[in-house]
Amino acid sequence: MIPSRSFNNISFFQPPAFLMIGIPGLEAIHGWISIPFSMYTVALAGNCLILLAVRRTPSLHQPMYYFLSMLALTDVGLTLSTMPTTLAVRWFDHRLISFNACLVQLFFLHSFSVVESSVLLAMSFDRFVATSNPLRYASVLTDSVIIRIGVVIVARATLSLFPVPFLLKCLNFCPNKTLLSHSFCFHPDVMRRACADITINILYGLYVVVSTAGVDSLLIVLSYTFILCTVLGLASPRERIRALNTCVSHILAVLVFFIPVIGVSMIRRFGRHLPPVVHALVAYVYLVVPPVLNPIIYSVKSRPIREAMLWVLRRKCQS
């Protein structure tokens, strides 16, 4: 339990810790519900395998696979940002998280989400260059250009989310509102535990969403509009299918990421009357499903990745 203390005549209060919950109403069977959370293991194993496959296979040292490595590394970070507290609540009934630790988790969770959105945008640019100007593909997306894109992506996420913890630390929280709605720290959830005016926090949160995921999704749609125009201009139907097939994996990865993002936003905005269990499950889908499905998508749809992953696995089994 959170240490008891007298809050009389306190004009400014920050809780020493928050109390996390699992899936509301299903606390009695959390141990069994944790079985699907082996998806964390699947996510880590799959994405680490992609990283090893790209690193150890010289034929995959190409821009497309470098961006895929960025996506895999981001998914590893997103998984690790929530896994400790989620499994602690599920398996060990350890529900307390200190205020500062909560802000740190919140920062990394949302930062990795912004990074993933940015990487998907970079991958759409990669597909646009490969489709519209294949002869200049390697000269446009050189190693130095890819490194610069990676630096810009990380800087963008860091600068966008850096003010968020400090804005939360400026809030006066309610002593009797320390129970979070999830087993991790989620920005909309944490700021609504405050007794102060949170208008600035809401507006800045909206700005971050619009300027990152909102802008990225529009630019991805624009990229694929140009790609489609280029593909339709090809003379041979076989060439059209071949060009579109190179984009299928990325399109699926975009859908896997942005559909849960839209779902979380819609539930937060219009689903306040829904049971808490619905909010919790949608949030878990948003955080867990993309890191699990991305390695599966690319291993199934991309033959070079699949063969490289199998080669790495065989080497591991033999050693």
Side-chain angles (χ1 to χ4, degrees), residues 1-5 7 10-24 27 30 34 37 40 74 76-116 157-209 212 261 264-265 267-268 276-277 279-288 291:
M1 294 293 293
I2 298 176
S4 60
R5 43 183 293 194
F7 298 109
I10 294 179
S11 58
F12 185 80
F13 171 72
Q14 286 182 349
F18 286 111
L19 189 64
M20 300 175 294
I21 62 172
I23 298 178
E27 291 84 353
H30 272 173
S34 298
F37 279 82
Y40 278 125
T74 304
V76 169
L78 188 59
T79 300
L80 292 176
S81 65
T82 60
M83 184 176 70
T85 55
T86 299
L87 295 185
V89 171
R90 296 291 185 280
W91 287 345
F92 307 109
D93 201 33
H94 182 78
R95 299 171 180 271
L96 286 180
I97 182 170
S98 70
F99 181 75
N100 289 328
C102 182
L103 296 184
V104 171
Q105 184 186 48
L106 178 151
F107 172 78
F108 280 106
L109 186 159
H110 292 288
S111 293
F112 280 118
S113 294
V114 172
V115 169
E116 180 138 357
T158 304
L159 292 175
S160 296
L161 273 300
F162 187 75
V164 170
F166 297 99
L167 289 174
L168 289 173
K169 283 188 76 73
C170 293
L171 293 177
N172 181 28
F173 285 82
C174 301
N176 60 342
K177 292 175 65 177
T178 57
L179 181 65
L180 300 179
S181 302
H182 306 285
S183 57
F184 49 83
C185 293
F186 202 51
H187 178 247
D189 191 24
V190 174
M191 71 178 179
R192 283 183 169 81
R193 303 294 165 252
C195 291
D197 182 10
I198 59 172
T199 302
I200 294 177
N201 302 74
I202 293 173
L203 291 177
Y204 188 77
L206 180 62
Y207 160 75
V208 171
V209 171
T212 55
V261 168
V264 168
S265 301
I267 287 288
R268 284 280 171 185
V277 65
H279 291 262
L281 290 175
V282 170
Y284 289 128
V285 168
Y286 159 62
L287 292 170
V288 177

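Val208 and Ser160 make their closest contact through CG2-O, 3.6 Å (heavy atoms, listed as atom of the first residue, atom of the second, distance). Here the shortest heavy-atom pairing between Ala196 and Leu171 reads CB-CD2, 4.3 Å. When every heavy atom of Met191 is checked against every heavy atom of Asn201, the shortest pair comes out as SD-CB, 3.7 Å. The minimum heavy-atom distance linking His187 with Gly205 is given by the pair CE1-CA, 4.4 Å. Here the closest heavy-atom approach between residue Cys185 and residue Gln105 is recorded as N-OE1, 2.9 Å. Nearest heavy-atom pair across Thr79 and Pro291 is OG1-CB, 3.4 Å.
A donor-acceptor pair is defined here as one N or O able to donate and one able to accept, closer than 3.5 Å; such a pair exists between the side chain of Ser81 and the backbone of Leu78. Checking side-chain atoms of Gln14 against main-chain N and O of Phe173 turns up no donor-acceptor pair under 3.5 Å.
In this structure, Ile200 places its CD1 atom where only 12 or fewer heavy-atom neighbours from other residues, nucleotides or ligands lie under 6.0 Å away. Atom CZ of Phe99 has more than 12 neighbouring heavy atoms from other residues, nucleotides or ligands inside a 6.0 Å radius.
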- Task: Determine, stepwise, if the pair Phe13 / Cys195 fulfils side-chain contact (heavy atoms from CB on, under 4.5 Å).
- Result: CA-CA 9 Å; Phe13 171 72; Cys195 291; over 6 Å; no
- Mind running side-chain contact (heavy atoms from CB on, under 4.5 Å) on Ile267 and Tyr286 for me, showing each step along the way? CA-CA 12 Å; Ile267 287 288; Tyr286 159 62; over 6 Å; no
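Rounded to the nearest 0.5 angstrom, Asp189 CG and Leu179 CG are separated by 8.5 Å. The distance from atom OG1 of Thr85 to atom CD1 of Ile97, rounded to the nearest 0.5 Å, is 5.5 Å. A distance of 5.5 Å separates SG in Cys102 from CG in Leu180, rounded to the nearest 0.5 Å. Atom CG of Leu96 is separated from atom CE of Met20 by 7.5 Å, given to the nearest 0.5 angstrom. Interatomic distance, Leu19 CG to Arg193 CZ, rounded to the nearest 0.5 Å: 11.0 Å. With rounding to the nearest 0.5 Å, the separation of CG in Leu161 from NE2 in His110 is 7.0 Å.
The shortest side-chain heavy-atom distance between Leu106 and Leu168 falls under the 4.5 Å cut-off. Residues Ser111 and Thr158 are not in side-chain contact: their nearest non-hydrogen atoms beyond the backbone lie 4.5 Å or more apart.
Two rings, from Phe166 and Phe107, have their centers 6.0 Å or more apart.
Residue Phe184 forms a ring pair (Phe, Tyr, Trp, His ring centres under 6.0 Å) with just one option from Phe18, Phe108, Tyr284, and that option is Tyr284. With Glu116 as the fixed residue, the side chain to side chain contact (heavy atoms under 4.5 Å, CB included) test singles out one of Thr74, Val261, Thr212: Thr74.
If you check the side chains of Ser98 and Asn100, you find no donor sitting under 3.5 Å from an acceptor. Between Thr82 and Tyr40, the side chains place a donor N or O and an acceptor N or O closer than 3.5 Å (distance only, hydrogens not considered).
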